[in-house]
Structure formats: structure tokens, C-alpha cells
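Here's the structure, in C-alpha cells; my notes come after.
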Amino acid sequence: MEVATGKSILNGIAIGRLKLYRKEGAASSASAALTPQEEWKRFEAARIQAQEQLVALYEKALAEVGEDNAAIFEIHQMMLDDEDYLDAVKGILETQGAAAEYAVTATGENFSAAFAAMDDAYMQARAADVKDISQRVVNILTGKADTCLLGEEPVILVADDLTPSETVQLDKSKLLGFITRYGSANSHTAILARTMNIPALIGVEYDDSWDGRLAVLDGYNHCVYIDPAPDLLTSMEEKQKNDLKHEALLQTLKKKPNVTLDGREIKVYANIGNAGDIGLVLQNDAGGIGLFRSEFLYLESEDFPTEEAQFLVYKRVVETMAGKKVIIRTLDIGADKQAAYFQLDKEENPALGYRAIRICLTRKEIFKQQLRAILRAAAFGTVSIMFPMIISVREVRDAKELLEECKAELREQGVAYGQVEVGIMIETPAAVMIADELAEEVDFFSLGTNDLTQYTLAIDRQNPKLDHFYDPHHPAILRMIRQTVEAGHRHGCWVGICGELGADQTLTETFLRMGLDELSVSPSAVLPLRKRIRSLDLSKEQEA
Ligand code: PEP
Ligand code: MG
């Protein structure tokens, strides 16, 4: 048995034969058989055909992976109409007397290198796209199929790299998973693989001997086993069966609304700690991300993550969610979440100490760096910002002022950013008591019942000795939730829960009756919760 490791794009297991995909080499001959005018005509004809293919691909992607993910093929169409690109091809034809294949390949490579050298992450990502469109035109010129033919038996595809168009064209019924040597977790190909729910590994070193051998792609453990040992194969088959059972539940509930028998609908979103969780969010069909605990980005780093590093992570999440809402909670560090480089003092009562928004409002540069990164990512989808640990109106106003400052700076610098909805976490009794005033300041509330329970019941949530006393069903907590919902609604705010209590099915009916608008739970809890919601009938009396 051979084992190779890489980076997993999606948790999941694929078992099957490996198939190596080798792309045709690019045209290397600079000499044309025809005149530059005739080569230009060949190019134009191929370009028109390529545009037709891209229209068809857009339609296919639209049906399979949604509008935002399909948009890449609209970008490809625009690139193929770009005047600079066309001028460059013409220039090579005329000055070098080259064949159209050569002119297109060279233009694709030149533009790709130029995009790759740009500072802007969005433009850098276009490097792969311009190569992709050039390859499409060359394939038409040379009469080669522009897609990888998978054959009769489903396989795990192995390639150096896959372009977005190759990925979306692959026949899903013949594709168990794919493995590439290159590619990035932020690429559109990776995003498409996640959206299409295909287990995939990138950054894997392979050789020709792999072709046709039996393998297990283990997305959970970022590796592939070639010629797996019999006991490993059995345990992987077992794991895959369990996944399938979960998948069966998923299939019956996927795309179904979270609506009670009598027609009351509620949003069910997912909580994530880092971008790697996004596959689970999609697999479980969450309606959005209700809590992105951004502090994990800081906890995983050796030093403050830069604005650019944060932007790339947020952008990846936002793009993958393809228009669905992503609520990013700003840095909630301190108390149990410590990173040495913050150099926080040791405190007597860290849970009541210097943490979360209190750090952000006093170390403004750290905060602004994050706000800028979030605002920039918001240009790529639907983003909300949520401030944690709020106890006063003053804090909310200060945080919003910094947000406005960041927008003004970005505008001044000509950096693109998107509009964001602003909300706060309600996780202190003080916030509940002044919820009416707070609601005047924001668009939404999200109840952090983990901390709300800790602060209301005066119970350290970290102390296992107190587990017995930690009771989130305490009437004080339930009344606080109700009060928050009512105050929010009085002022036009929507109200959700993102603490663990949101997944407690014994309270689902109570929450619906209270009028909560959203529940955000761990990805694996989304479908069981959907099932519960769909079984309830609020027109009947609630059982005691
Ligand atoms: C909460 O307090 O309920 C919450 C969702 O935030 P965290 O658990 O990250 O403190
Ligand atoms: Mg909290």
C-alpha cells in the first residue's frame, strides 16, 4: 500500500480506480502555413465557437452550482472579447507570421504572467482564467476535445491541474473524486469541487504508475491510499457507508424549506470556525453562515494575520457561499481564547476581563485591519458584520464609527468593498436589558446563549465542576431570549441564536413560538434541525 498526502478540498471518501489525465501540449510552432489575415480569420472563427461553448457552460453551471459560481464563465466570455487580448493575438500574427495556435498560446501565457504579478488578489486569480480561455480556443483550432473523457467506469481523476471549465464539464456520474498536483484551495476549481460535493485533494505528488490502480481518497485525513490494505479498505467502506446514510437523510431534506406544518418558516444557518469548515456547510445545505468565529484565524497564527491574509480567507468563504449570507463575528479573543502575541496580561477573572470588543475598541489598528478585510471580502458576496460581547450603546456607536472610517479609507484608496449589514451578539444580561436602545443602532441581533448563560447564571462555562449548575433552560435565560426577540422586532431588527442552545431540539418549538428568525448551529446539526422544524405544528397547543 502506498500513501500520498495533500490538502483536502472537501471532507469525504472516494474509492475507485485512478485515472491519469494528461493535457495536450500547447502549440509550439511559431510558423504559420497561411497569411496573417487568414490566420486571423481562423482565430476569429474559433473565438466565436469558444464563446458559444462558454454560453452553454454558463447555462450548465447555472443549473448545477448556482448563479454566483456560474459567473466565472461570464467573466471568460468578457475576457475573450477584451480588446487588449485581441490586439495582442493580432500583433503576434502580424509581426511574427505565427500560426493562430501559437499566437493564442503566447498571448494567454503573457497575460497570465501579467495578472499573476498584480497586487490585487482578484486580478491574480484571473491568471488561470486567461490561460483557460486561451486553451479553449487552441483546442478548437487543433480540433481537440476540450474536456477530459472519463470512460465507462467511475474513476478518481488525477491531473496536474484542472481549470474551472474542465471541472464543471466533468461528468459527475463518472467522477468519484479528483486529485491534482497543483492548484490552490482558493481557486475557482476548488470552490466548484466543494459546491459540487466532490471529494478532492490538491498538492499531491503522483507518478505514471498510479494509472488504473485501486485507491481510497480520504478527504477527512488529507491523503490517498493506493492499493489499500484489505482492513483499511473495509474500514473506509464502512465510513463511506455512514456518509451515505447521512447523505440519504440529506437528500430527502436538501433544498426543502425550514417550515413548520402550519407554514412558519425560520432560517437555519451554520456556525464555522475557519474556512476549512465550509465544505460541511454546503454538504449540510445550511442557508448561510450565522457565525464565523473569526478569532480562530488569529489563534492559528504565530503573529497578527495581515489584512491581506484575512481578506483571502473571508473572500474564499464568501465566494463559496455564492450569495448566501455570511455573518463574520469580529475578533472575540481573550478569556479562554488566548494568543501569545497579543501579550494580554494575566487576569483574576478573564471571562469578565479584557476581551473581545473591549480589546478591539482600545487596540484600534488591529480592529481596523480586520474591518477592512471584511469590507473588501463583502465585494464578493453577502456579508454581515457582528460585534461580540456588547454591553452598551456607546460600544456599538464606537465600533460603527471605526467601520465608517475604514470605508472612507478604502474609498480614498480606490479599493473595492461591499455593503455590510451590521449586528451585535446579545450575550450579556446588560445587552438584553437595553435591547430596545441597541436595536436602534443595528440591523440584527444574534443571541450568544453560551455566554449569556455564563453571565446570567454567574457560572464559569469553562469550569467542569459547575456543569451540573450550568442550565441554559433556566427560566431567566428563556425570558431573556423572548425579551430580546420582542425588543428587536419592535425596532425592525431580525433576531437569531448562534449559541449551542439553537440546536437544542427540545426548545425548537419554543423558539419558533417566540418568533426567532434564525437559528445558527453546527453544520452537522442543520438537517436534523430542519427535520424537527418540519414536524412541528404551531397551530396546535404546545405540549408542556
Ligand atoms: C456564545 O457565547 O453563545 C457564542 C456563540 O460565542 P462563543 O461560544 O464563541 O463565545
Ligand atoms: Mg460568546
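Numbers here are sequence positions counted from 1. Read the numbers this way: they start at 1 and go in the same order the structure lists the ligands and their atoms.
- Judged by the shortest distance from any of its heavy atoms, Q454 lies outside the 4.0 Å radius around the atoms of ligand 1.
- In D451, the N, O or S atom that comes nearest to the Mg ion (ligand 2) is OD2.
- Checking only distances, T449 does come within under 3.5 Å of ligand 1, N or O to N or O.
- Salt bridge K239/D243: absent, no basic N to carboxylate O contact under 4.0 Å.
- Atoms of ligand 1 found under 4.0 Å from any heavy atom of G448, numbered from 1 in the order shown, are 1 (C), 2 (O), 3 (O).
- Between R376 and E308, at least one side-chain nitrogen of the basic residue sits less than 4.0 Å from a carboxylate oxygen of the acidic one, meeting the salt-bridge criterion.
- Not a single heavy atom of M389 lies less than 4.0 angstrom from ligand 1.
- Not a single N/O/S atom of D332, whether from backbone or side chain, sits less than 2.8 Å from the Mg ion (ligand 2).
- On a distance-only criterion, E295 and ligand 1 share no N/O pair closer than 3.5 Å.
- Among all non-hydrogen protein atoms, the one lying nearest atom 6 (O) of ligand 1 is R329 NH1, 2.9 Å.
- Among E441, E395, E405, E440, the one residue that satisfies the salt bridge (Lys or Arg N to Asp or Glu O under 4.0 Å) test with K400 is E441.
- Using a 4.0 Å cut-off between charged nitrogen and carboxylate oxygen, K241 and E237 do not count as a salt-bridge pair.
- The distance from ligand 1 to the heavy atoms of R461 drops below 4.0 Å at these ligand atoms: 2 (O), 7 (P), 8 (O), 10 (O).
- Each of the following atoms of ligand 1 lies closer than 4.0 Å to a heavy atom of L291: 5 (C).
- Counting heavy atoms only, R293 comes closest to atom 5 (C) of ligand 1 of the residues E500, K337, R293, R355.
- When the shell of 6.0 Å around NZ of K337 is examined, it contains more than 12 heavy atoms from other residues, nucleotides or ligands.
- Counting non-hydrogen atoms of neighbouring residues, nucleotides and ligands closer than 6.0 angstrom, the CD atom of Q542 exceeds 12 such neighbours.
- K256 has no carboxylate O lying under 4.0 Å from a charged side-chain N of D285, or vice versa, which leaves the two without a salt bridge.
- Salt bridge R293/D332: absent, no basic N to carboxylate O contact under 4.0 Å.
- For D451 (side chain) and Q454 (main-chain N/O), no donor-acceptor pair under 3.5 Å exists by modelled atom type.
- Taking the Mg ion (ligand 2) as reference, the nearest N/O/S atom within E427 carries the name OE1.
- The shortest N or O to N or O distance between E427 and ligand 1 is below 3.5 Å.
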